[in-house]
2 protein chains.
Amino acid sequence: MKNENKKLIYIVDDEPDICELLSLNLKKANFNIKTFYDGNTLFENLHNEIPELIILDIMLPDYDGFEICKQLKNNSKTYNIPIIMLTARDTVEDKVLGLEIGADDYITKPFSPKELIARINVQLRQSFNKSITKKLYFADILELDLDKYEVKVNNKKIDLTLTEYKILKLLAERANKVCSRERIIDYISSHEKYIYDRTVDVHIKNLRNKLGTAAALIKNIRGIGYKLITELEYENS
Amino acid sequence: MKNENKKLIYIVDDEPDICELLSLNLKKANFNIKTFYDGNTLFENLHNEIPELIILDIMLPDYDGFEICKQLKNNSKTYNIPIIMLTARDTVEDKVLGLEIGADDYITKPFSPKELIARINVQLRQSFNKSITKKLYFADILELDLDKYEVKVNNKKIDLTLTEYKILKLLAERANKVCSRERIIDYISSHEKYIYDRTVDVHIKNLRNKLGTAAALIKNIRGIGYKLITELEYENS
DNA sequence: CTGTTTACATATAGAATAATTAAAAAAAAT
DNA sequence: ATTTTTTTTAATTATTCTATATGTAAACAG
């Protein structure tokens, strides 16, 4: 039996019975399962392997499930993993807390395995759309590697300062959408420090200089801000 | 006052009481709400405006909620809109069906408004990355993309100045309703700065020039102001 | 049909915004 | 502590947009 196509799901729960039950059902539904009885072993494993989804209980011997969830969602390596909280704690407050903290779904015990599987599939369907790739391309000439903090223009690496890189990244992640100068300032500087509007203009100018051919990808939207376009446009006179 | 930042949510339910209750709660949570009592009016509106999320009941006078969901998820204009099914049908079979058909969440009545809001926020959080774009459509020829500050006529991008864009946006958001020149001036200028009435006329004229085929969508209402219509009318003499 | 009102069109001054340059201030590296 | 790099501000230039004036056409009322 190959697990090649089987999607890997982590189950974190300290009750062996539940793990057993879940594991059985999910394996039947053609998933590849690993179970963990506490938070520490989960974190250890995450170093080597990233699952496609995590099913998380709240009451664990070492950590609090909410805490784990928060940590996973605050880490760039793991924040993309959908988390389904599966727990006996069924008050509205707990649900709201879990969902606000970053959980993608919250199911209370006792649960229907069929519904759980359906909800797992919803998450997997959605994360299919999320950019799994950490590389962004623009008009075949600009390439951003978010893992390596690397920018290439026509396959040639260019050096950017941190702020320049941040601005480019912000624009790149909202490709084609306009970012106000205000928003850009918010993003590049640790708040609580007033920075002048025109500063952004200067950064943009420097960025454009370094981008060379790709400079035209950064468009100014008069009165609003800037945007990075994905395709070069041709002027029609 | 402005709904600029308020996210637009559609509620589709044939029970006025539920609509009322939902509407109240969601407005309090700072959302912008529109309610629909059947599928047809929903589809009509989707033609002109794309909300950020839809809350959908199953039992409706004309269509079946499952059917609506399926259609929305199969249409390129709407498949990105998160759908939360909110219904009294609480069997596992119904839930599984709804989720498999493409719903992003499934909540059963009676529900906790707080949990609903938390789940709405989960969806909006996720769609932040998705390429959801607030778009408005008019008569199949005019398209407004609010995030990109982009206007297309017959799928061709046209460049507008900020004021022109603002006017068009204002008219678009109040489609088919007349906007007085006064109101338009209010909207385009930072208040407390008197601007002459005729100025609006000039902007409208420039706007029409740029809109080409779509120019006819901007109607003047003598003595009152202007409006943007959603369907082209044919003159009868 | 005529006069009056309102909308539409054109041209233009100057207001507003962006790009560029240079230089001061802050941060990082040596 | 000094040098280098980066970030921010300030000042200048270039560009685009806005608002008004003015003139023409269309709609309306009597």
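Nothing here was measured: the structure is a model prediction, and the numbers come from that model.
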Pairs touching residues 201-210 of chain B that satisfy side chain to side chain donor-acceptor pair (under 3.5 Å), sequence neighbours left out:
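Sorted pair list: B:Glu164-B:Lys210, B:Arg181-B:Asp201, B:Arg198-B:Asp201.
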Polar side-chain atom of [X] near backbone of [Y] as donor-acceptor pair, under 3.5 Å:
{"X": "A:Lys70", "Y": "A:Gly65", "answer": "no"}
{"X": "B:Asp104", "Y": "B:Ile83", "answer": "yes"}
{"X": "B:Lys73", "Y": "B:Tyr79", "answer": "yes"}
{"X": "A:Lys177", "Y": "A:Leu171", "answer": "no"}
{"X": "A:Asp38", "Y": "A:Asn40", "answer": "yes"}

Pairing residues for B:Phe43 by the ring-ring contact (aromatic ring centres under 6.0 Å, His included) criterion, not counting sequence neighbours
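Once residues adjacent in sequence are excluded, the partners of B:Phe43 under the ring-ring contact (aromatic ring centres under 6.0 Å, His included) criterion are B:Tyr63.
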If the condition is ring-ring contact (aromatic ring centres under 6.0 Å, His included), which residues does B:Tyr196 pass it with, not counting sequence neighbours?
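Not a single residue meets the ring-ring contact (aromatic ring centres under 6.0 Å, His included) criterion with B:Tyr196.
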Return the minimal non-hydrogen interatomic distance between [X] and [Y], and the atom names on each side.
{"X": "B:Gly39", "Y": "B:Asp62", "answer": "N-OD1, 2.9 Å"}
{"X": "A:Ile229", "Y": "A:Ala216", "answer": "CD1-O, 4.1 Å"}
{"X": "B:Ala214", "Y": "B:Val153", "answer": "CB-CG1, 4.0 Å"}

Which parts of residues 195-204 of chain A get close to DNA chain D, meaning a heavy atom less than 4.0 angstrom away?
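Heavy-atom contacts with DNA chain D come from A:Ile195, A:Tyr196, A:Thr199, A:Val202, A:His203.
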Boundaries of the DNA chain C segment in contact with chain B, non-hydrogen, under 4.0 Å
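Footprint of chain B along DNA chain C, 5' to 3': C:dT5 to C:dT10.
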Protein-nucleotide distance ([X], atom [atom1]; [N], atom [atom2]), rounded to Å:
{"X": "A:Lys166", "N": "D:dT6", "atom1": "NZ", "atom2": "C1'", "value": "13 Å"}
{"X": "B:Asp159", "N": "D:dT15", "atom1": "CG", "atom2": "P", "value": "18 Å"}
{"X": "A:Tyr187", "N": "D:dT7", "atom1": "OH", "atom2": "P", "value": "15 Å"}
{"X": "A:Ile185", "N": "D:dT7", "atom1": "CD1", "atom2": "P", "value": "14 Å"}
{"X": "A:Asn206", "N": "D:dT6", "atom1": "CG", "atom2": "P", "value": "10 Å"}
{"X": "A:Leu160", "N": "D:dT6", "atom1": "CG", "atom2": "P", "value": "10 Å"}
{"X": "A:Asn220", "N": "D:dA14", "atom1": "CG", "atom2": "P", "value": "18 Å"}

Got a sec, which residues hit salt bridge (Lys or Arg N to Asp or Glu O under 4.0 Å) with [X], two or more places apart in sequence or on another chain?
{"X": "A:Lys227", "result": "B:Glu150"}
{"X": "B:Asp57", "result": "B:Lys109"}
{"X": "A:Asp94", "result": "A:Arg89"}
{"X": "A:Glu49", "result": "A:Lys34"}

Under 4.0 Å, heavy atoms only, any strand: does A:Tyr226 hit a base, just the sugar-phosphate, or nothing?
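The answer is sugar-phosphate, as A:Tyr226 gets under 4.0 Å only of primed atoms, P, OP1 or OP2.
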Can you name the atoms? Protein N/O to nucleotides 2-4 of chain D N/O, anything below 3.5 Å, with the distance.
none

Generate the contact string for nucleotides 24-30 of chain D. Rules: B means base contact, S means sugar-phosphate contact only, - means no protein heavy atom under 4.0 Å.
--BBS--
Do B:Tyr149 and B:Leu160 make a side-chain contact, defined as non-hydrogen atoms from C-beta onward lying under 4.5 Å apart?
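Counting from C-beta outward, B:Tyr149 and B:Leu160 never come under 4.5 Å.
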Using a cut-off of less than 4.0 Å, is there contact between a side-chain N or O of A:Thr163 and OP1 or OP2 of D:dT7?
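Result: yes.
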State whether A:Thr161 places a side-chain N or O below 4.0 Å from either non-bridging phosphate oxygen (OP1 or OP2) of D:dT5.
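Result: no.
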Which dot-bracket string fits DNA chain D when only Watson-Crick or G-U wobble pairs with both atom distances under 3.5 Å count, crossing pairs get [ ], and | stands for a partner on a different strand?
||||||||||||||||||||||||||||||
